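Here the structure is a predicted model, which is why all the values come from computation and not from measurement. Every number for a ligand or one of its atoms is a count from 1 in the order of the listing.
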Amino acid sequence: MVSNGPKRVAILVSGGGSNMVKLVESMTGDHPARAVLVGSNDHGAGGLKRAEEMGVPTFAVDHRPFGKDRAAFEAELIRHLDAARPDILCLAGFMRILTPTFINHYAGRMLNIHPSLLPKYKGLHTHARALEAGDSEAGCTVHEVTAELDDGPILGQARVPVVPDDTPETLAARVLAEEHKLYPAMLRKFAEAL
Ligand code: GRF
């Protein structure tokens, strides 16, 4: 059952969390949602520290001690997440591949940002692959998460030009700037419709 009042948003990160920061910063004033929790699979993730500095509760579950037991790792993630009763779960640079069990638990209310113009370049190293292919443009995609990796319904995309002398790093920086605008905009639209 969806919350009355502001929708409750939990965010999962694995790294620095720049997208998470933009999402949290956007959820103020008349925004239909509020950030209630930020979690990570790495106790040392920079994004956790940034979330704490923004006053958002955090947790971490290290995936390594679970080895190949994804179900046990995910059960621990779900235990922490569901304690915060999220209406929406945002993956923001969360680098663990999730099983259908986890995805079904949050079916229809889990979003992800991917640094390519899906369906092109699912998976990793998207910018290097775009450059190798000689693409003239690149970009990012916000999509609903389904069991197929990087395959769910697309909510929105943003495009950037590929310029001469681009490296994967320079292209990634140009795309990341667009991610920081696209993800908050798509979260707002999604929360309004929920
Ligand atoms: C972003 O480029 C995102 O698209 C990808 O991982 C990167 C995470 O960046 N999945 P940050 O942790 O949000 O800064």
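A salt bridge links Lys181 and Glu178; the closest N-O separation between the charged side-chain nitrogens and carboxylate oxygens is under 4.0 Å.
If you check which protein heavy atom lies closest to atom 10 (N) of ligand 1, you get Ile113 O, 3.6 Å. Of the protein's non-hydrogen atoms, the one nearest atom 12 (O) of ligand 1 is Gly17 N, 2.9 Å. When hydrogens are left out, the protein atom nearest atom 14 (O) of ligand 1 is Ser18 OG, 2.5 Å; that is the closest non-hydrogen contact. In terms of protein heavy-atom proximity, atom 7 (C) of ligand 1 is nearest to Gly93 CA, 4.4 Å. Distance from atom 5 (C) of ligand 1 to its nearest protein heavy atom, with residue and atom name: Pro115 CD, 4.0 Å. Atom 9 (O) of ligand 1 has its closest protein heavy atom at Asn19 ND2, 4.0 Å.
Checked by atom type, the side-chain pair Glu74/Thr101 shows no donor-acceptor distance below 3.5 Å.
Geometrically, ligand 1 and Glu179 share a nitrogen or oxygen pair separated by less than 3.5 Å.
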Trace of the salt bridge (charged side-chain N to carboxylate O under 4.0 Å, His left out) decision for Arg129 with Asp135: CA-CA 9 Å; Arg129 292 155 70 191; Asp135 291 355; over 6 Å; no

Side chain to side chain donor-acceptor pair (under 3.5 Å) evaluation trace for His143 with Asp151: CA-CA 8 Å; His143 63 96; Asp151 189 62; over 6 Å; no

Just do the salt bridge (charged side-chain N to carboxylate O under 4.0 Å, His left out) check on Glu192 and Lys189 with the steps written out, would you? CA-CA 5 Å; Glu192 275 162 358; Lys189 207 168 125 192; over 6 Å; no

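In this structure, Phe59 and His80 have parallel ring planes: the angle between them is below the 30° cut-off, well short of the 60° mark.
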